[in-house]
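Data first, discussion second: the structure below is written as structure tokens.
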2 protein chains.
Amino acid sequence: MLSIGTLAKKTGTKVQTIRYYEQIGLLPEPGRTEGGQRRYGDAELDRLSFVRHARQLGFSLDSIRELLDLSERPDKPCAEADAIARRQLRQVEQRLARLEALRMELERMVHECSGGQTSDCRVLDVLRDHSECLTEHEEIGA
Amino acid sequence: MLSIGTLAKKTGTKVQTIRYYEQIGLLPEPGRTEGGQRRYGDAELDRLSFVRHARQLGFSLDSIRELLDLSERPDKPCAEADAIARRQLRQVEQRLARLEALRMELERMVHECSGGQTSDCRVLDVLRDHSECLTEHEEIGA
DNA sequence: TTACATCCTCTAGCTGCTGTAGATTCAAGC
DNA sequence: GCTTGAATCTACAGCAGCTAGAGGATGTAA
């Protein structure tokens, strides 16, 4: 039986994060010692590893919830899990495209900067005037 | 003089977001009508456009605060603004690299999925077992 | 004047955690 | 058995960067 701290180390998770996952129902309530401390077995270790790995791949907690449900029904067709992964892939591809546009714009800003005074800083110019941009990059965020 | 709604439309910002920016000190408190409604002039329009554009390029609100300060001191050397932009560029490049690794992993998961039953779903397999991954992708998030 | 769109303040919520405070429990060494 | 110090407990607050809603006041056009 593992303490929460040991489980945390084994999965590369913070202790508080494990308690948070329990709180939102992503992990089941574990058994407790007489004194009230959580004790975990292998099933919980596997489940938390799954969650962490999916998080590293950028899945949202909601998607992970779905994937966990699916992984507990081995008889179901795989199409749903596949659809979730494809959705995630599409999101990642969109973010990549947006980020690439941002990268180009930032690189241009930085390269055009002559290193003079703020009054003719290209960085500030471009920020002031969107029409100087080559790309659209309308979306904010990651 | 513009109402907050008109300013919002012109800059592609939500009304609440403008009030939020004012609250955190990113925009100055504007003048008001007798009845207490906000009224904006061209200076505020420019400033908000600057903020929105920088947000679209992924700058944090803190970075934007710095950039705004700099843009109000035309005599200062441009190096600081340049440094902020370079920092942002580096962050974008790092995120791009991480995302590209994720994209490859997701693509592999999805392509290996045979469309059978959940019990032999490659998507779920890979999530269960990190050792199946080709890349490391240790970092979570954007 | 009368609608009704827009505005006001205030508060709470979102995602996915992270950090703190103050009290309790566990495990190892003596 | 006792002490000590690390680990754990609960509860709550906070982060970024907004977004949404309630409940009421204001502005404007017909």
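The chains referred to below are lettered A, B, ... by the order of the sequence lines, with proteins before strands, and numbering in each begins at 1.
- Of the candidates D:dT8, D:dG17, C:dC17, the closest approach to any side-chain atom of A:Val15 belongs to D:dT8.
- Among the nucleotides D:dT26, D:dC18, C:dG16, the one closest to any side-chain atom of B:Arg52 is D:dC18.
- Rounded to whole angstrom, the span from the CD atom of A:Glu29 across to the C1' atom of D:dC9 amounts to 14 Å.
- Put simply, B:Tyr21 has a side-chain N or O that comes within less than 4.0 Å of OP1 or OP2 on D:dC18.
- With respect to the salt-bridge test (charged N to carboxylate O, under 4.0 angstrom), the residues B:Asp82 and B:Arg86 qualify.
- Put simply, CG on B:Leu27 is 14 Å from P on D:dG17, counting in whole angstrom units.
- In this structure, the nucleotide among D:dG17, D:dT10, C:dC26 sitting nearest to the side chain of A:Arg19 is D:dT10.
- DNA chain D is contacted by both B:Glu34 and B:Phe59; B:Phe59 maps to the nucleotide lying nearer its 5′ end (nearest heavy atom per residue).
- Between B:Glu105 and B:Arg108 there is a salt bridge, since at least one side-chain N of the basic residue sits less than 4.0 Å from a carboxylate O of the acidic one.
- Listed by first and then second residue, the side-chain hydrogen bond (donor to acceptor under 3.5 Å, both in side chains) pairs that reach into residues 72-81 of chain B are B:Arg47-B:Glu72, B:Lys76-B:Glu80, sequence neighbours excluded.
- Following chains of ILVMFWY side-chain contacts shorter than 4.5 Å, one can reach B:Tyr20 starting from B:Leu68, so the two form part of one hydrophobic cluster.
- For B:Ser3, the side-chain atoms get nearest to C:dC7 when compared with the rest of C:dC7, D:dT8, C:dG16.
- For the pair A:Arg65 CZ and C:dT15 C1', the interatomic distance rounds to 12 Å; values are reported in whole Å.
- Checked against C:dT6, C:dC8, D:dG17, the side chain of B:Arg32 finds its nearest nucleotide in C:dC8.
- In the set D:dT19, D:dG17, C:dT20, D:dT19 carries the atom at the smallest distance from any side-chain atom of B:Lys14.
- A:Thr33 has a side-chain polar atom (N or O) that falls below the 4.0 Å cut-off from OP1 or OP2 of C:dC26.
- Between B:Gln16 atom CD and C:dC8 atom C1' there is a gap of 12 Å when expressed in whole angstrom units.
- The base of D:dG27 is not paired with the side chain of B:Gln37 by any donor and acceptor separated by under 3.5 Å.
- As a whole-Å value, the separation of B:Leu48 CG from D:dG17 C1' is 14 Å.
- Nearest heavy atoms, A:Ser49 versus A:Thr11: OG-CG2, 3.9 Å.
- Taking atom OH of residue B:Tyr20 and atom P of nucleotide C:dA12, one finds them 17 Å apart after rounding to whole Å.
- Checked against D:dC18, D:dT8, C:dC8, the side chain of B:Thr17 finds its nearest nucleotide in D:dC18.
- Residue whose closest nucleotide on DNA chain D sits further toward the 5' end, between B:Ser60 and B:Gly35: B:Ser60.
- Protein atom CD of B:Gln91 is 13 Å distant from nucleotide atom C1' of D:dA16, rounded to whole Å.
- As judged by a 4.0 angstrom heavy-atom cut-off over every strand, B:Arg38 is placed among residues touching the sugar-phosphate backbone only.
- A salt bridge between B:Glu22 and B:Arg19 is absent, with no side-chain N of the basic residue lying under 4.0 Å from a carboxylate O of the acidic one.
- Rounded to whole Å, the distance from CG on B:Asp62 to P on D:dC15 is 11 Å.
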